[in-house]
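Written below as structure tokens is the structure these notes are about.
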Number of protein chains: 2
Amino acid sequence: MDRQRVDVVRHFSRTVTQRVGALDDSFLARDRPLAQSRLLWEIGLAGAEVAVLRTRLDLDAGYLSRLLRALEGAGLVTVGSADGDGRVRTARLTEAGRAEWHLLDRRSDELAWSMLAPLSDGQRDRLIAAMSEVQRLLMASLVTIDTCPPGDARARTCLRAYLGELNERFETGFDLDIDDEPDLVPPAGLFLVATLNTEAVGCGALRFSAGEPAEIKRLWVSRSVRGLGVGRRLLGELERRAAAAGADTVRLDTNGSLTEAIQLYRSAGYHEIPRYNTNPYAHHWFAKRVAGLS
Amino acid sequence: MDRQRVDVVRHFSRTVTQRVGALDDSFLARDRPLAQSRLLWEIGLAGAEVAVLRTRLDLDAGYLSRLLRALEGAGLVTVGSADGDGRVRTARLTEAGRAEWHLLDRRSDELAWSMLAPLSDGQRDRLIAAMSEVQRLLMASLVTIDTCPPGDARARTCLRAYLGELNERFETGFDLDIDDEPDLVPPAGLFLVATLNTEAVGCGALRFSAGEPAEIKRLWVSRSVRGLGVGRRLLGELERRAAAAGADTVRLDTNGSLTEAIQLYRSAGYHEIPRYNTNPYAHHWFAKRVAGLS
DNA sequence: CATGATTGCTGACTTTAGTCAGGTATCGCC
DNA sequence: GGCGATACCTGACTAAAGTCAGCAATCATG
């Protein structure tokens, strides 16, 4: 732990959070409870299903129901059944609710502007750039990596996206059913997913074969978090796990069109090796020594 | 108002504030109410006067008193009379309270570190730099500028600091009583202070003389906010007010040792003019046309 | 030493937030 | 058409947060 850096983060949290955060709540503060305002805000102009609101705001079902009744009572919201499923209910803003939403929207704008207004144009640019940077990097640091069975919903989401992307990028197209996948579970292998806020944003797998190097497969990162180092983290984690499982070396194959991946492998210390399999889609083969990695 | 920039700020507030803010409160969450933890944290190892706590946390006097009783009951805090004023009371942490504070401090460290840990070293550097930048610029945007009578406490703080600094920087020293100051109040002149969070961090004055250009005096910015554009804002505001009062031109004199100030004047469009007064401390004289400034 | 201001404390309240245990309507499915 | 699961609602509760008015001690000042 690095004292100096931690102090900057703590100072940042303290000042920025207190100040911006206080303002950020205050833009919702009207003559009604904060929870009601937040809910109204979250329903939005397009309306929203009650279940979605519940997860987004992380509220107790009963509490949320009561809040909706209160907004209904104030004439700001109507809750009606959705088309398909009669159990699912959808909250929509009334005309008055819509007006209220627009008012909050305007106040939010004003608040944001109040932070920019006193600055010179150059300072505004710098502030905007720094805010984007902080946000991107905090997003990166919220990505967690852990194992997951390859049959899991998150894994399947990743694999579907991965295969779709290969199919789109390979000149020859690509055709493989993800259910053909041999079981990537211990002891034959393992499967990692990278998760951001419950959303799966990346994956990677290892396959072990007795007497041979461990093989890295299915390394993929969602476009939404590309450039945040998630691929490198996945790769590193796969290497560590391969080493922990007793492998001296890991190897992998890749298609020539996946240039970022190839660059990643090279910069992570992989060296090109001769063809070791008959994969018709592979153009390059790489390996790296991982023995002793912790 | 600039749509694109405002959107970045709003997005920043939303994501960063929600996430960092939520964490920031969570580090205080123990088995006691949040308000108590916050109070204990704010009292700190050095102790704090009750009135100071009240303003810092912005709490109702009665509520604060009750919170202190609760912490006292838990054996974490003692509240005793201060030395001088028998009405003023000072809260101090007991041994147990101190231990609790250290625990919170450690948790805050861990939380800060949890944002850095998943990142690469280069990313950490970039995040730290961006956080500092956001904080500095938000601080800059919190500085407000308004008129204030020169006899006011804030004005006198500024003038004292200003004169102290001149005395320190001029080769010949500087000697002037701030009470010698002719009244810088309308219609003869005016006095501006820049304020950050109730702290005076800069000042500037105008003096009007019939038939002559308005004169800028006492432009000063506290070291704590130097480099944030406060001087330039003060100068601009003085020019606008001079123009509003009917002046065509403003002028000023300055000592050769005040190099940043001279640079500021030049870059703000001032041009050097011949000596127009007999100020023994002045080496340079500047003027700028302000007619038509809004 | 009387007076008004300041500082903090106490009691009596209200509102908000949040939890938990049922209950009812609906759906998918055999 | 019966069954378990799903999606939401209602009633009954608790704890925390916050407000307000009045009170007691202390201070500065004439």
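We name chains A, B, ... by the order of the sequence lines, and we start the count at 1 in each one.
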Q: Look at A:E72 together with A:R69 and state whether they make a salt bridge at an N to O cut-off of under 4.0 Å.
A: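 Salt bridge: yes.
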Q | ring-ring contact (aromatic ring centres under 6.0 Å, His included) partners for A:W41, two or more places apart | A |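 With sequence neighbours excluded, A:W41 shows a ring-ring contact (aromatic ring centres under 6.0 Å, His included) to A:F27, A:W101, given in chain and number order.
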Atom-to-atom span, [atom1] of [X] to [atom2] of [N] - whole angstrom:
| X | N | atom1 | atom2 | result |
| --- | --- | --- | --- | --- |
| B:L64 | D:dA16 | CG | P | 18 Å |
| B:L28 | D:dA17 | CG | C1' | 16 Å |
| B:E49 | D:dC27 | CD | C1' | 15 Å |
| B:R89 | D:dA25 | CZ | C1' | 10 Å |

Q. With sugar-phosphate meaning primed atoms plus P, OP1 and OP2, does A:A51 contact a base, only sugar-phosphate, or nothing at under 4.0 Å between heavy atoms?
A. sugar-phosphate
Q: Only counting residues at least two apart or in another chain, list the ones meeting side chain to side chain donor-acceptor pair (under 3.5 Å) with A:S114.
A: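 Testing A:S114 for side chain to side chain donor-acceptor pair (under 3.5 Å), a comparison that skips the adjacent residues, returns none.
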Q.
Could you work out, with side chain to side chain donor-acceptor pair (under 3.5 Å) as the rule, every residue matching A:E100, not counting sequence neighbours?
A. A:R30, A:R32
Q. By salt bridge (Lys or Arg N to Asp or Glu O under 4.0 Å), which residues pair with A:R106, not counting sequence neighbours?
A.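 For A:R106, no residue satisfies salt bridge (Lys or Arg N to Asp or Glu O under 4.0 Å) once neighbours in sequence are set aside.
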Q) Quick one: which of C:dC9, C:dT7, D:dT10 gets closest to the side chain of B:V88? A)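 Ranking C:dC9, C:dT7, D:dT10 by closest atom to the B:V88 side chain puts C:dT7 first.
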Q) Is there a side-chain polar atom (N or O) of A:R54 under 4.0 Å from OP1 or OP2 of D:dA7? A) no
Q | Any pair counted as salt bridge (charged side-chain N to carboxylate O under 4.0 Å, His left out), so long as it reaches residues 50-60 of chain A, sequence neighbours left out | A | A:E42-A:R56
N/O to N/O distances under 3.5 Å, protein versus nucleotides 16-25 of chain C:
| residue | atom | partner | partner atom | Å |
| --- | --- | --- | --- | --- |
| C:dA17 | OP1 | A:A35 | N | 3.2 |
| C:dA17 | O5' | A:Y63 | OH | 3.4 |

